[in-house]
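Down below is the structure, laid out as structure tokens.
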Amino acid sequence: MFEGILPLIFVFLTIIVYVGGFSNLLSNRFMVYQRMRAPLKTLLGSSLLSNVFLTFIVFFLFTFNLFIFSFYIQPSLNMVEYHPEVYHLSGKSLILDSYTRNTFTQFLKYGNFAYGLVFSFWVGLNAVLYSSLGFFTVLLFKNKLIGIAFPVLFYLIGTFSFSFSDTLAPFRMADVVFPFSIEQEPIITTCVTVFVLFLINIFLSIYVFKFKINSLEDTI
């Protein structure tokens, strides 16, 4: 479920990239001065786009650099010893096993680089969705700390609660982003959780920019 520290603190890290600083701007009423130059709707839209772009770039590059190190640099340095013979794997059976090891390793059929690009994009996409959720909750909650904590709790509680159901287990938030502790799932199964999260963000976007924008004028 949580294979290492990164899956555990993933959403917290996505919030740090942009939303944390944005929350401070709201708390300090910085938007009041910015609204003299542009409408609030424009300011929030540009802030959301900045969050999306910056968060995606940070997590895509972070993941891709880890991929480069793991697949190309580390093997040349012999920092880790592998003993596939313990599992009775060698030659062709070892290669075939790598294709079915975890979700997204299906793309190893098209080369290591294809797998690295797809998985890095996937982590970046999930980072954007969770940080965007935090962006909207920071706007909607008067207590900014609750707004920041909401996506983190959503991720952690969702992961833990889904573990108690065999039906929901494949959709656990942490395993969807970092599927290294579960058996390989079809890509479409992995996309379900992301699609639901995408719909939540779309709903919040419509609510904030169409229905809530006027009341935000008085609170931001």
Side-chain angles (χ1 to χ4, degrees), residues 1-20 23 51-52 55-56 58-60 62-63 66-67 70 86-87 89 97-108 115 118-208:
M1 181 166 56
F2 289 117
E3 192 77 11
I5 188 65
L6 182 58
L8 183 63
I9 64 173
F10 170 69
V11 176
F12 177 74
L13 294 177
T14 68
I15 298 299
I16 288 177
V17 174
Y18 187 89
V19 175
S23 175
N51 171 62
V52 168
T55 304
F56 179 82
V58 167
F59 279 86
F60 176 87
F62 174 75
T63 307
L66 287 180
F67 158 75
S70 300
V86 174
Y87 302 97
L89 296 173
D97 178 75
S98 69
Y99 296 162
T100 59
R101 175 63 57 178
N102 304 115
T103 308
F104 291 105
T105 57
Q106 298 99 312
F107 290 97
L108 286 171
Y115 167 74
V118 170
F119 186 66
S120 298
F121 176 86
W122 179 253
V123 174
L125 174 63
N126 278 272
V128 165
L129 292 174
Y130 282 107
S131 66
S132 297
L133 178 61
F135 180 89
F136 292 122
T137 53
V138 160
L139 285 172
L140 294 174
F141 284 102
K142 188 173 182 180
N143 188 321
K144 303 309 177 189
L145 183 59
I146 295 178
I148 289 176
F150 184 88
V152 178
L153 294 175
F154 178 81
Y155 173 83
L156 294 176
I157 294 174
T159 298
F160 279 115
S161 60
F162 284 13
S163 300
F164 296 105
S165 169
D166 292 337
T167 302
L168 296 177
F171 308 106
R172 290 181 301 199
M173 283 71 170
D175 290 330
V176 166
V177 186
F178 303 100
F180 304 119
S181 61
I182 60 173
E183 295 181 355
Q184 187 178 90
E185 296 284 350
I187 298 296
I188 190 66
T189 300
T190 307
C191 288
V192 170
T193 302
V194 171
F195 182 68
V196 171
L197 191 57
F198 174 76
L199 290 180
I200 293 173
N201 275 287
I202 292 295
F203 170 79
L204 290 175
S205 176
I206 294 172
Y207 178 69
V208 167

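Just so we're clear, the structure is a prediction, and the values are computed from it rather than from any experiment.
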Between [X] (side chain) and [Y] (backbone), is there a donor-acceptor pair under 3.5 Å?
X      : Y      : result
Ser132 : Leu129 : no
Thr193 : Phe171 : yes
Thr159 : Arg172 : no
Lys144 : Val138 : yes
Asn201 : Leu133 : yes
Thr137 : Gly147 : yes
Trp122 : Phe178 : no

Between atom [atom1] of [X] and atom [atom2] of [Y], what is the distance when rounded to the nearest 0.5 Å?
X      : Y      : atom1 : atom2 : answer
Asn126 : Thr190 : CG    : OG1   : 10.0 Å
Thr55  : Tyr18  : OG1   : OH    : 9.0 Å
Ser205 : Ile200 : OG    : CD1   : 13.5 Å
Ile157 : Phe150 : CD1   : CZ    : 9.0 Å
Ser23  : Leu145 : OG    : CG    : 8.0 Å
Leu204 : Leu199 : CG    : CG    : 11.0 Å

Checklist entry - Who pairs with Phe56 by ring-ring contact (aromatic ring centres under 6.0 Å, His included), at least two apart in sequence or on another chain? => result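 With sequence neighbours excluded, Phe56 shows a ring-ring contact (aromatic ring centres under 6.0 Å, His included) to Phe60, Phe121, given in chain and number order.
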
Quick one: are [X] and [Y] in side-chain contact, heavy atoms under 4.5 Å?
X      : Y      : answer
Phe154 : Leu197 : yes
Leu6   : Leu13  : yes
Asp175 : Pro170 : no

Item to check | Stepwise side chain to side chain contact (heavy atoms under 4.5 Å, CB included) check, Tyr207 with Ile202 | outcome: CA-CA 9 Å; Tyr207 178 69; Ile202 292 295; over 6 Å; no

Checklist entry - Could you walk me through whether Phe62 and Val123 pass the side chain to side chain contact (heavy atoms under 4.5 Å, CB included) check? => result CA-CA 9 Å; Phe62 174 75; Val123 174; over 6 Å; no

Checklist entry - Can we call the ring centroids of Tyr115 and Phe104 under 6.0 Å apart? => result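 Tyr115 vs Phe104: aromatic centres not under 6.0 Å.
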
Next on the checklist: Ring centres under 6.0 Å, that's the criterion: do Phe67 and Phe119 meet it?
Outcome noted: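 No, the ring of Phe67 stays outside the 6.0 Å limit from the ring of Phe119, centre to centre.
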
Item to check | Exercise: identify the closest heavy-atom pair between Gly134 and Ile15 | outcome: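 For Gly134 and Ile15, the tightest heavy-atom pair comes out as CA-CD1, 4.0 Å.
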
Checklist entry - Between Tyr155, Phe136, Phe12, Phe59, which is the residue that forms a ring-ring contact (aromatic ring centres under 6.0 Å, His included) with Tyr130? => result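 Only one option passes, and that is Tyr155.
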
Next on the checklist: Tell me whether Asp166 at atom CG has more than 12 heavy atoms from other residues, nucleotides or ligands lying less than 6.0 Å away.
Outcome noted: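 No, not enclosed.
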
Item to check | Phe141, CZ atom: more than 12 neighbouring heavy atoms under 6.0 Å | outcome: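 Enclosed.
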
Item to check | Chi angles and distances behind the side chain to side chain contact (heavy atoms under 4.5 Å, CB included) call for Leu156, Leu8 | outcome: CA-CA 8 Å; Leu156 294 176; Leu8 183 63; 3.9 Å; yes

